[in-house]
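See below for the structure under consideration.
Heavy atoms only: backbone and side chains are in, while hydrogens, waters and symmetry mates are out. Remember, it's a predicted structure, so these values are computed and weren't measured experimentally.
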Amino acid sequence: MNTEHRGVRDAITELCGGQLQESAADDALYEILLGRSELDVFAASPDIAANRFVLATGSHTAHVCDGQRLLEPVSMAKFPCGCPTVMVERKAAARLGRGPSPRSSLTFRLREAPKLGSFSFDSDEWSFSEQLGVVGQKLASLEGEAILRLSLEVSQISTRTATVIAYTRPGVVVVGQCSTLRDLGLAA
């Protein structure tokens with residue numbers, strides 16, 4: 001997790017364990033490598049789950065959509081984007097450089113410390129994009145805030161040349177609905 005605030009850094013490190021990392025990008029930014037692979041978080045509405053698909057060519061963004069409708073440029077917003085509706089076809093088009101890739105974002109508050117404020121989790125992983133779509137649908141059907149579980153799973157694959165590659169795959173699921181102020185960590 002990243003934060004610019006020392007108090008937030010200290011609270012997150014105490015709650016989640018982990019190690020403070022030096023930030024290569026900014027001296028004022030604290031980077032924390034969490035000591036756990038799962039976090040329970042609060043999410044308020046489907047609007048906090050943003051699934052965008054972006055096709056960039058060099059430094060130019062050629063296409064931004066939500067998988068069904070264009071989002072940018074603003075003058076084209078709401079028109080059909082022309083992307084395949086089947087995820088396998090979307091992935092194939094992206095691999096060939098002819099289709100957009102996911103840029104997913106989830107805004108949340110920590111269940112253990114909601115008063116620390118909002119955080120966001122961003123990913124370009126296809127499986128996270130699919131899961132976030134399901135989460136968005138579930139959030140739309142709930143009243144009030146939901147409890148989500150964010151996770152990071154380390155996986156390994158072997159290539160044809162027997163090289164083992166480790167990667168971290170993010171995940172998100174709805175685990176419940178907040179029903180009281182105590183659930184939200186706001187009770188006296």
Heavy-atom donor-acceptor pair, [X] side chain to [Y] backbone, under 3.5 Å:
X: Asn51; Y: Ser129; answer: yes
X: Arg111; Y: Val41; answer: no
X: Gln177; Y: Glu143; answer: yes
X: Thr159; Y: Thr163; answer: yes

### Task
Before giving the answer on side chain to side chain contact (heavy atoms under 4.5 Å, CB included), spell out for Leu106 and Val172 the whole-Å C-alpha distance, their side-chain angles and the decisive distance to 0.1 Å.
CA-CA 9 Å; Leu106 174 67; Val172 61; 3.9 Å; yes
Test item: [X] and [Y] side chains (from C-beta on) under 4.5 Å apart, heavy atoms:
X: Phe108; Y: Leu150; value: yes
X: Pro80; Y: Arg69; value: yes
X: Ser37; Y: Glu153; value: no
X: Val54; Y: Thr61; value: yes
X: Ile147; Y: Phe42; value: yes

#### Entry: Trace of the side chain to side chain contact (heavy atoms under 4.5 Å, CB included) decision for Asp40 with Leu110
CA-CA 7 Å; Asp40 283 353; Leu110 296 173; over 6 Å; no
For [X] versus [Y], what's the shortest heavy-atom pair and its separation?
X: Gly171; Y: Gln131; value: CA-OE1, 2.9 Å
X: Gly67; Y: Cys83; value: O-CB, 4.2 Å
X: Glu38; Y: Ser151; value: CG-CB, 3.9 Å
X: Ser123; Y: Pro170; value: OG-CG, 3.4 Å
X: Cys81; Y: His63; value: O-CE1, 3.6 Å
X: Glu112; Y: Arg36; value: OE2-NH1, 2.7 Å

Between [X] and [Y], is there a shared hydrophobic cluster once you connect ILVMFWY residues whose side-chain heavy atoms come closer than 4.5 Å?
X: Val134; Y: Leu132; value: no
X: Met76; Y: Leu71; value: no
X: Leu33; Y: Leu39; value: no

### Query
Any ion pair linking Glu72 and Arg52 (charged N to carboxylate O, less than 4.0 Å)?
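The answer is yes: the pair qualifies as a salt bridge.
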### Query
Does Arg9 pair with Glu4 as a salt bridge, N-O distance under 4.0 Å?
no
### Message
Is there a side chain to side chain contact (heavy atoms under 4.5 Å, CB included) between Leu34 and Leu152? Walk through the geometry before answering.
### Response
CA-CA 10 Å; Leu34 298 181; Leu152 295 173; over 6 Å; no
### Query
Is atom CD of Glu130 surrounded by more than 12 heavy atoms (other residues, nucleotides or ligands) closer than 6.0 Å?
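Atom CD in Glu130 is crowded, with more than 12 foreign heavy atoms closer than 6.0 Å.
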### Task
Please indicate whether Phe79 has more than 12 foreign heavy atoms, meaning atoms of other residues, nucleotides or ligands, lying under 6.0 Å from its CZ.
no
### Message
Under 3.5 Å, is there a donor on one side chain and an acceptor on the other for Ser101 and Asp124?
### Response
no
### Query
In chain order, what residues pass the salt bridge (charged side-chain N to carboxylate O under 4.0 Å, His left out) check against Arg103, with sequence neighbours excluded?
none
Rounded distance [0.5 Å steps], [atom1] in [X] versus [atom2] in [Y]:
X: Lys91; Y: Leu96; atom1: NZ; atom2: CG; result: 14.0 Å
X: Leu116; Y: Thr3; atom1: CG; atom2: OG1; result: 8.5 Å
X: Arg95; Y: Arg90; atom1: CZ; atom2: CZ; result: 14.0 Å
X: Phe128; Y: Ser104; atom1: CZ; atom2: OG; result: 6.5 Å

### Query
So Phe121 and Leu148, side chain to side chain contact (heavy atoms under 4.5 Å, CB included) or not? Walk me through it.
CA-CA 12 Å; Phe121 182 84; Leu148 310 181; over 6 Å; no
### Query
With a cutoff of under 4.5 Å between side-chain heavy atoms, which Ile, Leu, Val, Met, Phe, Trp and Tyr residues group with Phe53?
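Met87, Trp126, all in the cluster of Phe53.
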### Task
Quick one: name the residues clustered hydrophobically with Leu55, using the 4.5 Å side-chain heavy-atom rule over I, L, V, M, F, W, Y, and just say none if it's on its own.
none
